[in-house]
**Q** 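Submitted below is the structure of interest, expressed as structure tokens.
Side chains are part of it too, since the values below use all heavy atoms of this structure and drop only hydrogens, waters and symmetry mates. Residue numbers begin at 1 in each chain, while the letters A, B, ... track the order of the sequences.
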There are 2 protein chains.
Amino acid sequence: MKLEDIAEKAGVSRSTVSRVINGDRYVSEKTRHKVLEVIENEGFSPNPAARMLVTQRTDVIGVVLANRVEEVFSADSPYYFSNLIQGVSDTAHDHDFSMLLWLEHSRESVEQFYQRILKNRLMDGLVIAASVTRENLLLNSLLKSQTPFVLLGRPLQYEDQISYVSVDNVQAAQMAVQHLLAQGRRRIATITGNLDDADGIDRLEGYKRAIQNAGLTVDQALITEGRFTRDWGYLCARTLLQRGTPIDAVFAGNDAIAMGAIQAFTEVGLRVPDDIAIIGFDDLPIATQNAPHLTTIRQPILQKGARATILLIDLIEGRGQQPTQILLPTQLVIRQSS
Amino acid sequence: MKLEDIAEKAGVSRSTVSRVINGDRYVSEKTRHKVLEVIENEGFSPNPAARMLVTQRTDVIGVVLANRVEEVFSADSPYYFSNLIQGVSDTAHDHDFSMLLWLEHSRESVEQFYQRILKNRLMDGLVIAASVTRENLLLNSLLKSQTPFVLLGRPLQYEDQISYVSVDNVQAAQMAVQHLLAQGRRRIATITGNLDDADGIDRLEGYKRAIQNAGLTVDQALITEGRFTRDWGYLCARTLLQRGTPIDAVFAGNDAIAMGAIQAFTEVGLRVPDDIAIIGFDDLPIATQNAPHLTTIRQPILQKGARATILLIDLIEGRGQQPTQILLPTQLVIRQSS
DNA sequence: TTGAAAGCGCTAACAT
DNA sequence: ATGTTAGCGCTTTCAA
């Protein structure tokens, strides 16, 4: 079934059917009705390939989850990326876009992965959720080819040339540590997330600022460099314990880290929050699924995906040409662990 | 940049370039080399719209996650669907397909959702991960239009006309309950998953068979109908407690249910496994993230996605026309909760 | 307000 | 082994 068949059945020309489908104003009510009726009866929808070929638009966006598979969807935080995708998906479909999902294959290099994406010409633009150190190839090619894209998270390079959506990690981390300070804690440690990632870097920066603003000095013995996983949280907490430096609170780079840390502290008989307070970041479901419920910073994950997609579609449709940066608000959620 | 530009630079015709790109045998080594060199230099890849238009193939598959959003990606088990998607994605890309992801929008009806998918003509076929009661519209239309598709999970209708990949839930559930029986448990209750879903139905069936095979009688007071979520597990466990019927073990429809049940039992002072044994289904990460570690049935989630995709691509490419059903093996994983 | 016709970039049948 | 040519099903001038 094609346009021409509809045209014939409706007694009009191809062009008129096309006009009806595309909402052109210059069609009489009468013919419009007739044509819509035939389309409805036949359950017709236009061939997207033919349309793409002439319009040079696909109405498809790509979503790139560029962290290594195991980190993205494995043990700890599938929730985070799942919600991101849901936010993108909802918004995309609101604007009649479909969504091509790109996941790194376990048996391929990052370079191959990016090549695969770049070679695919089925997308009008990309939403990229990835730690950005590794994707110079991707970012460079995209910038060079003028392909519209929006980053989820602050890029470490070209910050002013790139549209992105994030939260104010520095400010949020400060808020977290200030909360611990307000509880009377003074020996506040931190277990960072990945420090090749703006989220990790900025949260550490916020920690330091809060400590300094309180008139304390930043003590390297209180800082452990981890990754955004539960296992790393566990390991880094043990490292802190082994160092022997007294601590009465920990600011964790995210909730997964916090859960691992709680486990480590609990195992050696420390009580949370009595002996040691813990605060996380994200407010994932795991935050409230075990005792003690986790005090944490809530960030609007779904909205991050949604706003990024709106931004991308604006870019694709030629609205708002210059790079835009959006920081979404966060919220301190006080529970039992602090 | 198009085929013709490459042709010109390589000093050959459009068709020859096309032949090289599509691996046609009838090209001399010399020209093939020349053409590939130009393609490489220019970073050319062919316009998929043009190719689709003539080949009537898109090399795109769709993945439909048709449960309500909240159930798919929310609190409990994003892990399950995430891994499914990863399995599909890996396999799709092995065969040079891209993957269009379909998530139900929070503000749309199932019917609208399915219409949206059916109207999109950008896919050669579909992998459908959904409880199947609700998608008569989808299945019917797909069957009628001869669109290739593969179901993840056994369909409740048209079972012999439909290709699907699942595990042998009946047998697996029997294995689970037999394990409890072997531990000397005799008052074995079950908290089912959704009973409008083949997984839920078949696991209940397996439970009943195991009970009967052991010479016991199925007691309705030991059966609670739940859903595949932690919350339902919690609620149904409380229901069991309120009924007052003595129980010494619970077969949960999945791990999320099991976790909720453990919480409910622990809250009233029951010890797992001393007072009550629990067994789950899936073997998600949550199974080992809290004490006691959960005894459960492991199912190969990634492989489910992978096999379904292979099946789908076979269908698309005209191999193996008749509907195929695949049941993947499961495994009893004995841990602390039993 | 409508129709005729050109052309988007590719593949594949046919010719050579 | 390579080139020529006719579409694939749409949108979009241009003309009427």
Side-chain angles (χ1 to χ4, degrees), chain A residues 1-39 42-60 96 98 119-124 145 316-318, chain B residues 1-39 42-60 96 98 119-124 145 316-318:
Chain A
M1 184 67 53
K2 48 184 176 177
L3 265 195
E4 190 147 14
D5 302 324
I6 303 295
E8 195 174 342
K9 287 186 203 284
V12 296
S13 74
R14 262 199 332 248
S15 345
T16 301
V17 178
S18 175
R19 287 190 184 100
V20 170
I21 287 175
N22 295 298
D24 189 305
R25 293 174 301 148
Y26 300 108
V27 182
S28 74
E29 265 316 297
K30 203 178 145 202
T31 44
R32 159 168 284 121
H33 257 71
K34 179 65 188 157
V35 170
L36 284 175
E37 188 189 322
V38 177
I39 289 177
E42 306 293 326
F44 171 78
S45 55
N47 182 320
R51 174 180 268 173
M52 283 178 202
L53 190 54
V54 47
T55 60
Q56 308 282 26
R57 280 264 314 256
T58 65
D59 286 6
V60 174
D96 293 318
S98 349
K119 285 238 161 107
N120 180 294
R121 296 173 49 190
L122 212 60
M123 302 172 290
D124 290 331
S145 67
I316 290 172
E317 301 189 334
Chain B
M1 184 67 54
K2 49 185 174 177
L3 264 196
E4 191 147 12
D5 302 324
I6 303 295
E8 194 176 341
K9 288 187 203 286
V12 296
S13 74
R14 260 197 336 245
S15 351
T16 300
V17 179
S18 175
R19 286 190 185 99
V20 170
I21 287 175
N22 295 298
D24 189 305
R25 293 175 300 148
Y26 301 109
V27 181
S28 74
E29 266 316 298
K30 202 176 145 205
T31 44
R32 159 169 282 120
H33 257 71
K34 179 65 188 156
V35 170
L36 284 174
E37 187 190 321
V38 177
I39 288 177
E42 305 292 326
F44 170 78
S45 54
N47 182 322
R51 174 180 267 174
M52 283 178 202
L53 190 54
V54 48
T55 59
Q56 308 283 26
R57 279 265 314 257
T58 64
D59 286 6
V60 174
D96 292 319
S98 354
K119 286 238 161 107
N120 179 294
R121 297 173 51 191
L122 211 61
M123 301 171 291
D124 290 332
S145 67
I316 290 172
E317 301 190 334

**Q** What integer distance in Å separates B/Gln56:CD from C/dT11:C1'?
**A** 11 Å
**Q** Looking at residues 18-31 of chain B, who's got a heavy atom less than 4.0 Å off DNA chain C?
**A** B/Ser18, B/Arg19, B/Asn22
**Q** If every non-hydrogen atom of A/Leu53 is compared with every non-hydrogen atom of B/Ala49, which pair is closest and at what distance?
**A** N-CB, 3.9 Å
**Q** Between OG1 of A/Thr58 and CZ of A/Arg121, what distance do you get to the nearest 0.5 Å?
**A** 11.0 Å
**Q** Flag the pair B/Val60 / B/Asp124 as yes when at least one side-chain heavy-atom distance between them is below 4.5 Å, and no otherwise.
**A** no
**Q** Rounded to the Å, how far apart are A/Arg121 CZ and C/dC10 P?
**A** 6 Å
**Q** Check whether any side-chain heavy atom of B/Asn120 sits under 4.5 Å from a side-chain heavy atom of A/Ser98, and report yes or no.
**A** yes
**Q** Quick check on contacts: within residues 6-16 of chain B, what sits under 4.0 Å from DNA chain D by heavy-atom distance?
**A** B/Val12, B/Ser13, B/Arg14, B/Ser15, B/Thr16
**Q** Figure out the CG/C1' separation between A/Asp5 and D/dC8, and round it to whole Å.
**A** 14 Å
**Q** Kindly indicate whether the side chain of B/Asp5, heavy atoms from C-beta on, has any atom under 4.5 Å from the side chain of B/Phe44.
**A** no
**Q** Roughly how far, to the nearest 0.5 Å, is the CD1 atom of A/Ile39 from the CD atom of A/Glu37?
**A** 11.0 Å
**Q** Please tabulate, one pair per line, all N/O donor-acceptor pairs under 3.5 Å involving side-chain atoms of residues 20-28 of chain B, not counting sequence neighbours.
**A**
unit_1, atom_1, unit_2, atom_2, d
B/Asn22, OD1, B/Arg51, NH2, 3.1
B/Asn22, ND2, B/Ser18, O, 2.8
B/Asn22, ND2, B/Ser18, OG, 3.4
B/Asp24, OD1, B/Tyr26, N, 2.7
B/Ser28, OG, B/Thr31, N, 3.2
B/Ser28, OG, B/Thr31, OG1, 2.8

**Q** For the pair made of NE2 in A/His33 and C1' in C/dT1, what is the distance, rounded to whole Å?
**A** 17 Å
**Q** What bend angle does the helix from C/dT1-D/dA16 to C/dT16-D/dA1 show across its length, from five-pair end axes and to the nearest 10 degrees?
**A** 30°
**Q** With a 4.0 Å heavy-atom cut-off, tell me which residues in residues 46-53 of chain B come close to DNA chain D, sorted by residue number.
**A** B/Leu53
**Q** Rounded to the Å, how far apart are B/Leu122 CG and D/dG9 P?
**A** 16 Å
**Q** Could you tell me whether the side chain of B/Met52 reaches within less than 4.5 Å of the side chain of B/Leu122, counting heavy atoms only?
**A** yes
**Q** Compare all side-chain heavy atoms of B/Glu42 with those of B/Ile6 and state whether any distance is below 4.5 angstrom.
**A** yes
**Q** Given atom CZ of A/Arg57 and atom P of D/dC10, what is their separation to the nearest angstrom?
**A** 18 Å
**Q** Do A/Asn47 and A/Lys2 come close enough that some side-chain heavy atom pair is under 4.5 Å?
**A** no
**Q** Taking all atoms of both residues into account, what is the closest heavy-atom pair of A/Ser45 and B/Lys119, and its distance?
**A** OG-O, 3.0 Å
**Q** Could you name each residue pair satisfying salt bridge (charged side-chain N to carboxylate O under 4.0 Å, His left out) that touches residues 6-16 of chain A, not counting sequence neighbours?
**A** A/Glu4-A/Arg14
**Q** Between A/Leu3 and B/Arg32, which is nearer to the 5' end of DNA chain D once each is assigned its nearest nucleotide?
**A** B/Arg32
